[in-house]
Amino acid sequence: EEHLVESGGGSVQPGRSLRLSCSTSGFTFGDYAMSWFRQAPGKGLEWLCFIKARAYGGATKYAASVKGRFTISRDDSKNTAYLQMNNLESEDTAVYFCSRGILFYTEYYMDVWGSGTTVTVSS
Amino acid sequence: QSMLTQPPSVSGAPGQRVTISCTGGDSNLGLGYDVHWYQQLPGQRPKLLIFANSNRPSGVPDRFSGSKSGTSASLDISGLQSEDEADYYCQSYDGTLHGYVLGSGTTVTV
């Protein structure tokens with residue numbers, strides 16, 4: 001059974017950085033795209049970024065709200081995806097979810113999700 | 001601001017049918033990109049409910065069905081059950097934004 005486990009969340013001051021990890025098991029990580037989403041308290045889901053599998057060049061995509069501040073990466077040898085978050089703002093306070101992407105024709109849907117890790121940005 | 005528009009809430013009695021709409025535009029659903037639906041139970045992670053407009057993953061009851069036409073899509077829940085109380089999100093790809101877009105979510109109350 002596929003499992004995704006996020007870690008690395010916590011409380012951080014505005015302007016600081018944090019790196020989230022998404023550890024996976026139960027499938028061949030290198031064959032799949034991965035994505036990060038977040039959910040602010042009481043709000044809806046927001047897509048953040050995406051990284052394709054190495055077979056598809058490992059290309060990345062970012063939402064405008066985080067482009068230039070957040071970086072998604074992957075280490076296929078460790079079956080882990082990462083989200084590097086820099087210059088954090090209070091608006092980044094949220095639960096962060098990683099998910100596995102499944103290619104359907106030209107784009108992806110997310111079929112497996114982690115349980116999330118909480119990031120709180122506050123002075 | 002969500003690129004896909006959903007009603008904030010829908011409600012129905014047990015056994016009834018409810019429909020959740022998802023309205024996009026010419027840069028996403030209207031460009032032919034598929035719509036996918038996720039269910040998020042209170043305090044839980046999202047779960048894939050429908051992929052590629054109308055396909056159910058293994059284990060999803062056939063009470064859930066989806067469709068898409070033009071710039072709109074919908075999720076139908078028939079035979080409503082108390083366990084269906086959750087937030088539901090539609091998701092697609094936007095060719096102008098070059099990224100994934102989600103609806104703002106719909107809360108279903110039974």
Side-chain angles (χ1 to χ4, degrees), chain A residues 1-7 9 22 24 27 32-52 59-68 70 72 91 94-118, chain B residues 1-9 20 22 24 27-29 31-60 66 68 73 86-107:
Chain A
E1 185 179 355
E2 304 91 347
H3 286 286
L4 308 179
V5 179
E6 302 91 339
S7 61
C22 173
T24 73
F27 63 98
Y32 291 89
M34 299 296 295
S35 197
W36 285 93
F37 292 73
R38 71 183 176 187
Q39 187 167 36
K43 301 297 184 182
L45 292 170
E46 177 188 11
W47 171 74
L48 299 177
C49 54
F50 174 88
I51 186 166
K52 292 185 178 182
T60 58
K61 297 177 187 287
Y62 294 92
S65 59
V66 301
K67 193 170 186 178
F70 289 12
I72 188 172
E91 291 75 20
V95 177
Y96 286 72
F97 297 98
C98 65
S99 61
R100 186 177 78 170
I102 298 295
L103 179 62
F104 191 86
Y105 285 101
T106 59
E107 289 306 327
Y108 294 77
Y109 62 89
M110 317 306 159
D111 73 328
V112 183
W113 295 69
S115 59
T117 187
T118 300
Chain B
Q1 185 176 356
S2 300
M3 297 300 294
L4 304 178
T5 301
Q6 298 180 235
S9 63
I20 301 170
C22 174
S27 60
N28 40 69
L29 303 190
L31 264 184
Y33 290 112
D34 293 318
V35 65
H36 319 291
W37 292 90
Y38 303 93
Q39 176 194 59
Q40 188 178 31
L41 296 170
Q44 301 298 311
R45 72 191 74 186
K47 169 191 171 184
L48 178 66
L49 201 62
I50 297 285
F51 67 94
N53 307 319
S54 59
N55 297 278
R56 279 187 310 276
S58 173
V60 173
K68 172 181 176 276
D87 293 327
Y88 294 82
Y89 296 89
C90 59
Q91 177 243 309
S92 186
Y93 183 82
D94 192 280
T96 296
L97 297 176
H98 300 291
Y100 293 91
V101 290
L102 287 147
S104 51
T106 298
T107 299

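Hydrogens, waters and symmetry mates are skipped; everything else that's a heavy atom, side chains included, is used. In the text below, chain A, chain B and the rest are named by the order of the sequence lines, each starting its count at 1. No experiment lies behind these values; they were computed from the predicted model shown.
- For T107(B), the side-chain hydrogen bond (donor to acceptor under 3.5 Å, both in side chains) partners are D87(B), not counting sequence neighbours.
- Side-chain contact between Y93(B) and Y108(A): absent, with no pair of heavy atoms (C-beta onward) separated by less than 4.5 Å.
- Contact annotation: the side chain of W47(A) never approaches that of Q91(B) to less than 4.5 Å [non-hydrogen atoms, C-beta and beyond].
- For residues 31-46 of chain B, the set of pairs meeting the salt bridge (Lys or Arg N to Asp or Glu O under 4.0 Å) definition, not counting sequence neighbours, is empty.
- Partners of S27(B) by side chain to side chain contact (heavy atoms under 4.5 Å, CB included), not counting sequence neighbours, listed by chain and number: D94(B), T96(B).
- Atom OH in Y100(B) sits 10.0 Å away from atom OG in S99(A) (nearest 0.5 Å).
- For H36(B), the part sitting under 4.5 Å from any heavy atom of chain A is the side chain, from C-beta outward, and nothing else.
- Here the CG atom belonging to L48(B) is positioned 10.5 Å from the CZ atom belonging to R100(A), to the nearest 0.5 angstrom.
- For the set G114(A), A63(A), C49(A), the count of heavy-atom pairs under 4.5 angstrom toward chain B peaks at G114(A).
- Per-residue heavy-atom pair counts under 4.5 Å with chain A were compared for A52(B), G99(B), P46(B), and the maximum is reached by P46(B).
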**Item:** Q40(B)/W113(A) under side-chain contact (heavy atoms from CB on, under 4.5 Å): CA gap, chis, key distance, verdict
**Value:** CA-CA 11 Å; Q40(B) 188 178 31; W113(A) 295 69; over 6 Å; no

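- If you measure heavy-atom distances from Y109(A) to chain B, the contacts under 4.5 Å come from both the backbone and the side chain.
- Residues of residues 36-43 of chain A placed with any heavy atom under 4.5 Å of a heavy atom in chain B are listed by number as F37(A), Q39(A), K43(A).
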